[in-house]
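Just so it is clear, the values below take in all heavy atoms, side chains as well, and ignore hydrogens, waters and symmetry mates.
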Number of protein chains: 2
Amino acid sequence: MSSGVDRDSSEPKRRGRRRNGADTKAALLDAAREVFTEQGYESATVRTIAGRAGVDPAMVNHWFGGKEGLFTAAMRIPINPAELVPQLLDGPPEELAERILRRFVAVWDDVGGGQFAALMRSVAGNEIAVSMLRDFIKDVLFDRLLAELGSDRPDLRVALCATQVAGLGMARYVLHLEPLASADEDTIVSAIAPNLQRYLTGDISGGSA
Amino acid sequence: MSSGVDRDSSEPKRRGRRRNGADTKAALLDAAREVFTEQGYESATVRTIAGRAGVDPAMVNHWFGGKEGLFTAAMRIPINPAELVPQLLDGPPEELAERILRRFVAVWDDVGGGQFAALMRSVAGNEIAVSMLRDFIKDVLFDRLLAELGSDRPDLRVALCATQVAGLGMARYVLHLEPLASADEDTIVSAIAPNLQRYLTGDISGGSA
DNA sequence: GTCTATACAACGATAGAC
DNA sequence: GTCTATCGTTGTATAGAC
């Protein structure tokens, strides 16, 4: 059934704009969901996805800004890492945790917490979705933030940050644990930012905070 | 098919030991899974569960030590709150976080991380399972720990503790984020206990730890 | 004619074969 | 260590819509 999204696989491709309503964006998203879920984030190639969608790989860049943007769009993760990471890094490093938390809450509140629960659902039962999300969180998000900070043991710090942020999502959007589920940004930042900041730049080897 | 677990509902009950290995325990577990899933943790009553299992409510106490023990057994949560909470409280309050983390890791490592993922799966898609787990985490586990500590804003602290512990479970048992997924107890305690301890007894209103 | 969606070619990086 | 294949990405020319 992979030919369902193929287009013009036998005819020579035409350059320039398609005839009418040829929805390249949607075709890429459909193909991306297929290929990412079949092969995971790393193994899936832009070329394969574009091939299955019947369009040129350059269209991925044109429409989604690259592989990462295509991934987040396909997984309905409401962020664009290409612009998110620089925005988070823009400011004092000792307030990075606060910026991460404010953005995390704003973004997922905006689309409604149900999408976070949906993401967790697709992850909990699916080993490929697990590796996709794991690689994405690590390689695309936190690795880049940690690289800029220059802290020691960056891999461990990445994992620790993931525990705190994923746990916040679970409590707020899945478990609906009050008063956290209805807390405003400032309350969340006051409560959690110091802990997240310790994972980013503090002493994680046993000394005091 | 709810009558599948009913037994002898029309015949008069016999006193004393059942004929042969009539597996009262298994019948109670099956009935408990049904009733808890239908009604949630609070609404489900021991009498209803015992009735559906066709046994006396006293059997719940005999086999599981009470409603909580039956719940954890039915949900395959490998803890017994009746003994867990006192054990955790036995020791200096400033090391409570360390005891919680050591127990959490030991318990879930012991049964293999797959059971944690299974729990998350049943929770992410099921609103009743959500309320079950939420009430259980709050009322049965952390509320009792926090009550003993006498910290301010106990409800918020309960939710914050849940973010850190649930997040650890997600990262270690679901996402398999290295090096956390293979880290030993001591590494986890050194890294996470100070943060969890802040949620338990520290200043969560914006001051430094 | 202008704008833009599109395809093709090529570049630098990287991983694996030998 | 070298060679090759393949990856993501970029620059540019072209075809169709308006």
Side-chain angles (χ1 to χ4, degrees), chain A residues 1-90 100 103 107 119 122-123 126-159 161-162, chain B residues 175-182:
Chain A
M1 284 283 283
S2 68
S3 64
V5 269
D6 290 353
R7 283 194 300 202
D8 308 313
S9 53
S10 51
E11 313 169 13
K13 301 262 175 56
R14 243 191 328 256
R15 281 217 231 186
R17 181 181 280 242
R18 294 289 182 92
R19 267 293 142 71
N20 57 1
D23 202 340
T24 300
K25 231 171 138 180
L28 275 173
L29 282 174
D30 286 343
R33 293 200 184 94
E34 286 185 26
V35 179
F36 277 133
T37 39
E38 285 168 12
Q39 313 191 5
Y41 179 73
E42 295 287 354
S43 309
T45 72
V46 170
R47 298 177 127 90
T48 305
I49 294 171
R52 189 170 304 192
V55 302
D56 190 90
M59 293 295 93
V60 169
N61 259 285
H62 182 53
W63 287 110
F64 301 99
K67 184 182 182 181
E68 298 165 1
L70 176 60
F71 175 77
T72 52
M75 295 294 117
R76 299 183 175 81
I77 298 175
I79 62 172
N80 182 341
E83 55 189 37
L84 175 64
V85 171
Q87 284 173 2
L88 291 177
L89 285 171
D90 180 26
I100 292 175
R103 181 61 77 97
V107 152
L119 186 63
S122 76
V123 160
N126 181 335
E127 200 47 48
I128 302 229
V130 163
S131 73
M132 272 192 309
L133 189 63
R134 186 207 319 120
D135 295 345
F136 183 76
I137 291 175
K138 177 171 168 45
D139 303 340
V140 178
L141 297 182
F142 281 111
D143 267 7
R144 297 187 187 164
L145 298 174
L146 266 299
E148 207 68 20
L149 294 177
S151 302
D152 64 320
R153 296 212 273 175
D155 286 349
L156 180 56
R157 289 179 191 274
V158 165
C161 290
Chain B
L175 291 177
H176 305 293
L177 250 175
E178 294 296 353
L180 199 60
S182 334

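If you measure from atom CD of A:Glu68 to atom P of D:dG8, you get 11 Å, rounded to the nearest angstrom. At whole-Å resolution of the value, CG in A:Leu28 and P in C:dA5 are 13 Å apart. Rounded to a whole Å, the CG atom of A:Asp56 is 11 Å from the C1' atom of C:dA5. Counting to the nearest Å, the C1' atom of C:dA7 and the CE atom of A:Met59 are 7 Å from each other. Computed from coordinates, the A:Asp23 CG to C:dT6 C1' distance equals 14 Å when rounded to whole Å. Rounded to an integer number of Å, the gap from CD of A:Glu42 to C1' of D:dG8 is 12 Å. The NE2 atom of A:His62 sits 11 Å away from the P atom of C:dA7 (whole-angstrom rounding). For the pair A:Phe64 CZ and D:dT9 C1', the computed distance is 16 Å after rounding to whole Å.
Taking CZ of A:Arg134 as the reference point, atom NE2 of B:His176 lies at 7.0 Å (rounded to 0.5 Å). Atoms CG and CZ, on A:Leu88 and A:Arg144 in that order, are 12.0 Å from each other to the nearest 0.5 Å. Atom-to-atom distance recorded for A:Arg52:CZ and A:Leu28:CG is 12.5 Å, nearest 0.5 angstrom.
Nearest to the side-chain atoms of A:Asn61 among the listed nucleotides C:dA7, D:dT9, C:dA5 stands D:dT9. You'll find that the side chain of A:Arg47 is closest to D:dG8, out of D:dG8, C:dC8, C:dA5. Looking at the side chain of A:Lys67, the nearest of the listed nucleotides D:dT10, C:dT6, D:dG8 is D:dG8. Side-chain atoms of A:Val46 lie closest to D:dT9 of the nucleotides D:dT9, D:dG11, C:dT6.
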> Can A:Thr72 and A:Glu68 be said to form a side chain to side chain donor-acceptor pair (under 3.5 Å), step by step?
Replying inline: CA-CA 6 Å; A:Thr72 52; A:Glu68 298 165 1; over 6 Å; no
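Counting any heavy atom pair closer than 4.0 Å across all strands shown, A:Ala50 reaches no nucleic acid atom.
OP1 or OP2 of D:dT6 has not a single side-chain nitrogen or oxygen of A:Thr45 nearer than 4.0 Å.
Not a single donor-acceptor pair under 3.5 Å links the side chain of A:Ser151 to the backbone N or O of A:Pro154.
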